[in-house]
Amino acid sequence: QLRRTAEVKAVALAREASSMVVSKPRARSLGNTLERTASAAKEVRAEVLLLTYAPSSDGVTITVASAHARELEKQLQREFCGEPGFAVKTNEDVSVATVVGANPAQRERLASQLKVAGAKVFAAGLSASGRAASFVVNRSQFHKTLLELHQRTRPECRAGSHSLRRSSS
C-alpha cells in the first residue's frame, strides 16, 4: 500500500508586502465581506498574495504587494465607509513566505514551528489547490523565516549547510 505524502518543491518569499484586515463589530455577520474585499482588490488591480477568512474571526485579511497597498486601502475604505463599525487596519511591514507542495497538515505544523522559532505569524493560508501554504510574517523577520522554512521542509537543508543570499534592497 502506497502512502501519499506531500513533497515540498520550493520555498519562496515576497519581501515587500502589506496586510489589511477588514473587520466588523462582533455582533455583525461578515456576510459578503470576503467577496467585496476581493472585488476591491480586482478594481485597483492589486497583486493579491494571500486572502484569508475564518468564520470564527472578526474579519477578512488581504495581503498584497506593497506597491498596491495604499490604493487598495483607499478602495476598501470607500467600499465599507457607509457601514457602521466596519474598519480597515493596515500593516505595511510584512512579508509573505510560501511553501509550494505543503498540505493542510504541514501548514498547521509549519505555522506552529515558526511561532516557536519566534516569528510573528499574522496570517496563514492554504492555496485553493491545497498544495501551497503561505504565511504572513513581520518583514524584519523575512530572512529568519525563509531559513526556518528551508530547514523544516527540506531534509538536505540544515543550519550552516547552505547559504541564502540577502538582496541589497
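Atom set for the values below is all heavy atoms of this structure, side chains included, hydrogens, waters and symmetry mates excluded. Keep in mind that what you see is a predicted model, and the values were worked out from it rather than measured. Position 1 is the first residue of the sequence, and the numbers go up from there.
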Checklist entry - Tell me, do V44 and H68 make a side-chain contact under 4.5 Å, heavy atoms counted? => result no
Next on the checklist: Contact between T61 and S19 at the side-chain level, heavy atoms closer than 4.5 Å - yes or no?
Outcome noted: yes
Item to check | Shortest non-hydrogen contact from K144 toward A117 | outcome: NZ-O, 2.7 Å
Checklist entry - What is the distance from atom CG of L72 to atom CE of M20, rounded to the nearest 0.5 Å? => result 4.5 Å
Next on the checklist: Please list all pairs meeting salt bridge (charged side-chain N to carboxylate O under 4.0 Å, His left out) that have one or both residues in residues 35-53, counting only residues at least two apart or in different chains.
Outcome noted: R36-E79, R36-E83
Item to check | Single-linkage hydrophobic cluster, 4.5 Å side-chain cutoff, F86 and L51 together | outcome: yes
Checklist entry - Taking C-beta and beyond as the side chain, do N91 and T63 meet within less than 4.5 Å on heavy atoms? => result no
Checklist entry - Can you tell me how far CG of L76 sits from NZ of K89, rounded to the nearest 0.5 angstrom? => result 15.5 Å
Checklist entry - Is there a chain of hydrophobic side chains (I, L, V, M, F, W, Y, each step under 4.5 Å between heavy atoms) that links L50 to V99? => result no
Next on the checklist: Hydrophobic clustering (ILVMFWY, side-chain heavy atoms < 4.5 Å, transitive) - are V96 and F135 grouped together?
Outcome noted: no
Item to check | CG on L13 to OG on S134, rounded to 0.5 Å | outcome: 10.0 Å
Checklist entry - Is any side-chain heavy atom of F122 closer than 4.5 Å to a side-chain heavy atom of V21? => result no
Next on the checklist: Show, in sequence, the C-alpha distance, side-chain angles and deciding distance for L149 and T98, and conclude whether the side-chain contact (heavy atoms from CB on, under 4.5 Å) test is met.
Outcome noted: CA-CA 9 Å; L149 288 172; T98 300; over 6 Å; no
Checklist entry - To the nearest 0.5 Å, how far apart are CG in L49 and OG in S66? => result 8.5 Å
Checklist entry - Shared ILVMFWY cluster between Y53 and L126, side chains joined below 4.5 angstrom? => result no
Checklist outcome for this item: Heavy atoms of A132 and V100 approach each other most closely as CB-CA, 4.2 Å
Checklist entry - Between F80 and V22, does a side-chain contact (heavy atoms from CB on, under 4.5 Å) hold up when you go through it step by step? => result CA-CA 9 Å; F80 293 101; V22 180; 3.7 Å; yes
Checklist entry - Should the heavy atoms of other residues, nucleotides or ligands under 6.0 Å from CD of Q113 be counted, would the total exceed 12? => result yes
Next on the checklist: Keeping S95 on the side-chain end and R15 on the backbone end, is there a donor-acceptor pair under 3.5 Å?
Outcome noted: yes
Next on the checklist: Quick one, V48 with I62, criterion side-chain contact (heavy atoms from CB on, under 4.5 Å). Give me CA distance, side-chain angles, the key distance, then yes/no.
Outcome noted: CA-CA 7 Å; V48 177; I62 185 166; 4.0 Å; yes
Checklist entry - Could you give all pairs that pass the salt bridge (charged side-chain N to carboxylate O under 4.0 Å, His left out) test and reach residues 92-110, with sequence neighbours left out? => result R70-E92
Item to check | Donor-acceptor contact below 3.5 Å, side chain R139 vs main chain E16 | outcome: no
Item to check | Shared hydrophobic cluster for L110 and L146 (ILVMFWY, side-chain gaps under 4.5 Å) | outcome: yes
Checklist entry - Can you list the residues that meet the side chain to side chain donor-acceptor pair (under 3.5 Å) rule with T37, with sequence neighbours excluded? => result none
Item to check | Side chain Q141, main chain K120, donor-acceptor under 3.5 Å | outcome: yes
